[in-house]
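What you are looking at is a predicted structure, and each value in this text was computed from that prediction instead of being measured. In the text below, chain A, chain B and the rest are named by the order of the sequence lines, each starting its count at 1.
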Amino acid sequence: MVRFKNRYVLCEVVSEDPRCRQCIEDRTLGLAVRDAIARVHGDYGLACCSISFTVKYLNAYTGTVLLRCRKDSYRLLCSALPFVRSLETRAQRYPCFLNTLHVGGTIRTCQKFLIQYNRTQLLRLLQNCTNEEERQCVQKSLLNCSLTEEQSQSGDEEEDDGTE
Amino acid sequence: RGPAGREMAAAAFERCVLRRAAEHHYLRVRLELPDGGARPNAAQFKQLVVTALRELHGEVGAALPVDVLTYEEKTLSAILRVISSGLVKLWSALTLLGFYQNRRCAFRVLQTSPFLLALSGNSRELVL
């Protein structure tokens, strides 16, 4: 059995500027990553990684990004991710960096990891809450998430849990 | 005891085969500039090699440890040394380099060997 194997790289866009969240789009992010690969690995690296390269999933609120590439060239992609230093849209440049969270063979494993990661992140947020309002908000959303048929989402809470 | 010892030592021998043990590979290359013009000196030649690596393999390729051991400006031929793991990158970059200062150019790789001594003789230029 011969099939094309892919690798899915789960990353997080971290930026100090809060306006950066609004300009995270799949096209701009894809261009920024390809530009970084071209700088670091040249024409050969860019062509290798572009064979099956797409931005599969993007969450602007949490800054979660899922990239796909071929299994043969995922090391080139992963080594070029630290060189993405800014995102550009419409003549605006925001400095940021990409944190690699997980590399998986399928979207399902990446989703499982993301759910686990978001759970731990919510707990950590609760511990780092500074005032009582934030604490109440986070606690309410933590108690609200459950795998039910009707989607009861806390819309004002920024952190989105991966359970859907 | 002397002759007996030598006999014993002669009977037992060990054969070691080392594959890909050489650290460096050496290439004898010649740069062809068909359109004539100013010839590059040694530093410009090295800059050209690094530029070729940077175009094809990016910053990682440009950081490959390449040394120009000898360079002759008259014939534009040189002996390059590269770490063995980088031979494919270097050779492919030299093959795909097309322009030097907006003039057409081409690299011809004449000889390559993991041993520098092997570059001294070339059986292609043997006159029988």
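Here CG of B:Leu80 is found 6.5 Å from CG of B:Leu94. Values are rounded to the nearest 0.5 Å. To the nearest 0.5 Å, atoms CG (B:Asn122) and CZ (B:Arg28) are separated by 7.0 Å. To the nearest 0.5 Å, the span separating CG on B:Leu31 from CZ on B:Arg39 amounts to 9.5 Å. Here the SG atom belonging to A:Cys11 is positioned 5.5 Å from the CG atom belonging to A:Leu98, to the nearest 0.5 angstrom.
Counting heavy atoms of neighbouring residues, nucleotides and ligands inside a 6.0 Å radius, atom CG of B:Leu117 does not exceed 12 of them. Counting non-hydrogen atoms of neighbouring residues, nucleotides and ligands closer than 6.0 angstrom, the CZ atom of A:Phe113 exceeds 12 such neighbours.
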Which donor-acceptor pairs sit under 3.5 Å apart between chain B and chain A?
unit_1  : atom_1 : unit_2  : atom_2 : d
B:Glu55 : O      : A:Asp43 : N      : 3.2
B:Leu56 : O      : A:Asp43 : N      : 3.1
B:Leu56 : O      : A:Tyr44 : N      : 3.0
B:Glu59 : N      : A:Arg39 : O      : 3.1
B:Glu59 : N      : A:Val40 : O      : 2.9
B:Val60 : N      : A:Val40 : O      : 3.1

